[in-house]
Amino acid sequence: MSEETVRLEVARQEPDGASRRDVFDVPFDDRTSVLDALQWVKDHADPTLTFRWSCKMAVCGSCGVMVNGRPVLGCETFVRGFRTSGLVVEPLAHAEVLRDLVVDTDTFVGKLAAVKPWLVPDGATRLPLAGDAAGVAPDVAPDVAPDVVPVALAGGPAPGEDVLRAVGPASGHRQTPGELAAFKGFAECIDCMLCYAACPQLDLAPDFLGPAVVATARRWDEDSRDGGELARADVLDTEFGAWPCIQVGACTQVCPKGVDPARALRDAQRVATETWEARQASTEAGPAR
């Protein structure tokens with residue numbers, strides 16, 4: 001590494017709430033990232049500096065920080081662009097700080113779970129336990145050759161076992177390129193929380209589900225295999241669901257993967273409006289008997 005150095009100011013926070021700013025002169029070259037600079041401080045200046053990272057390839061989403069007031073991934077932001085100004089590195093905004101640059105993700109994960117971020121069957125396919133009904137496979141198509149029927153279905157589980165039969169239609173789920181394209185953009189989200197740090201509405205409505213959660217909900221809503229859109233709409237069509245968004249667009253601007261959460265929020269608001277009558281009718285009718 002060259003002898004050239006850059007001024008790195010890091011926000012520090014102890015678990016007991018005490019905070020301070022530490023300044024380091026960090027050597028760098030054209031390949032040094034912000035994450036590399038933080039690691040240099042930990043290795044050579046202060047081993048107590050605490051921050052998150054995992055892949056160093058902008059895939060895991062772990063190393064999000066604020067650099068000079070902008071939320072970025074530390075691994076793909078290079079020090080060379082801050083030669084004269086220096087860097088001020090802080091934890092992500094709108095998140096509780098646990099220590100130094102590490103923020104709590106439990107609130108985000110809780111919001112994410114609220115929108116059922118998984119494939120919801122449309123009702124035509126049941127996923128029974130292998131202990132059901134004498135271990136016989138339900139509705140296995142008669143033209144399916146015995147050698148392609150899962151072992152768990154063919155003979156049932158061993159005594160005492162409780163194995164989930166993840167059995168879909170015998171033909172599987174097929175999608176056209178257009179059906180894949182409908183949700184693929186939203187599926188690129190890496191849950192880095194940069195969009196939360198950028199969103200000004202979280203200053204006013206901290207319980208807002210937020211850009212990434214709504215984008216994830218729309219990822220599954222747009223999936224042709226999914227049947228959970230109305231259930232998610234009930235979550236999104238609430239005071240702190242999709243409605244706090246006023247389309248500032250900061251979330252889309254800072255996304256490192258090119259996801260467009262602002263569009264997802266617009267779509268969620270539209271779907272909530274268009275499906276309101278159907279959801280009300282379903283609620284009034286009550287559960288099917």
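In what follows, residues are counted from 1 in the order of the sequence shown.
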Is it true that the side chains of Gln269 and Asp237 contain a donor and an acceptor less than 3.5 Å apart? no
For the CD1 atom of Ile246 and the CG atom of Leu265, what is their distance to the nearest 0.5 Å? 11.5 Å
Cluster overlap Val65 with Val254, hydrophobic side-chain contacts below 4.5 Å: no
First locate atom CD of Glu90, then atom CG of Asn68, and finally report the distance between them rounded to the nearest 0.5 Å. 8.5 Å
Nearest heavy-atom contact between Cys75 and Cys63 is N-SG, 3.4 Å
Joint hydrophobic cluster, Val271 plus Val213, side-chain heavy atoms closer than 4.5 Å: no
So with a 6.0 Å cut-off around CZ of Arg20, is the heavy-atom count from everything else above 12? yes
Within the distance-only criterion (no hydrogens, no angle test), does the side chain of Asp223 pair as donor or acceptor with the backbone N or O of Trp220 below 3.5 angstrom? no
Should Leu119 and Val235 be counted in the same cluster of Ile, Leu, Val, Met, Phe, Trp and Tyr side chains packed under 4.5 Å apart? no
Indicate yes or no: does Asp46 engage Lys42 in a salt bridge with an N to O separation below 4.0 Å. no
Considering residues, nucleotides and ligands other than Glu277, do more than 12 of their heavy atoms fall under 6.0 Å from its CD? no
Using a strict 4.0 Å threshold on nitrogen-to-oxygen distance, state whether Arg218 and Glu229 make a salt bridge. yes
Between Asp191 and Lys257, does the salt bridge (charged side-chain N to carboxylate O under 4.0 Å, His left out) criterion hold? Intermediate values first, please. CA-CA 10 Å; Asp191 297 330; Lys257 307 306 288 186; over 6 Å; no
Could you check whether Lys116 pairs with Asp221 (Lys NZ or Arg NE/NH1/NH2 to Asp/Glu carboxylate O, under 4.0 Å)? no
Minimal non-hydrogen separation, Leu112 against Pro117, with atom names: O-CD, 3.3 Å
Identify whether Val248 and Leu209 are in the same connected component of the hydrophobic contact network (ILVMFWY, side-chain heavy atoms under 4.5 Å). no
Under 3.5 Å, side chain of Asp29 to main-chain N/O of Glu3, donor-acceptor pair present? no
Find out whether Arg83 and Val6 are in side-chain contact, i.e. whether some heavy atom of one side chain is under 4.5 Å from a heavy atom of the other. no
Look only at the side chain of Thr252 and the backbone of Ala262, and say whether a donor-acceptor pair between them is shorter than 3.5 Å. yes
Using every non-hydrogen atom in the two residues, find where Phe51 and Val102 come nearest and quote the distance to one decimal. CA-CG2, 3.7 Å
Atom of Ala268, atom of Val214 and distance for their closest heavy-atom approach: CB-CG1, 3.7 Å
Please check if any side-chain donor atom of Gln247 sits under 3.5 Å from a side-chain acceptor atom of Arg266, or the reverse. yes
Measuring from Leu8:CG to Phe82:CZ, what's the distance to the nearest 0.5 Å? 10.5 Å
Sub-3.5 Å donor-acceptor pair from the side chain of Arg279 to the main-chain atoms of Ala272, do we have one? yes
Taking salt bridge (Lys or Arg N to Asp or Glu O under 4.0 Å) as the test, write out the residues that go with Glu9, two or more places apart. Arg7, Arg21
Give a yes or no answer on whether the side chain of Ser33 reaches the backbone of Asp36 with a donor-acceptor pair at less than 3.5 Å. yes
Ala95 and Val103: which non-hydrogen atoms are nearest, and at how many Å? CB-CB, 3.7 Å
Under 3.5 Å side-chain donor-acceptor pair for Gln13 and Ser19: no
Exercise: identify the closest heavy-atom pair between Phe28 and Arg80: CE1-CA, 4.0 Å
Name of the residue among Leu87, Leu73, Val79 meeting side chain to side chain contact (heavy atoms under 4.5 Å, CB included) with Val67: Leu87
Please answer: with hydrophobic residues joined when any side-chain heavy atoms are less than 4.5 Å apart, are Val115 and Phe240 in the same cluster? no
Looking at Arg174 and Glu179, does any basic side-chain N land under 4.0 Å from a carboxylate oxygen? no
Any side-chain to backbone donor/acceptor pair from His94 onto Tyr196? Under 3.5 Å, distance only. yes
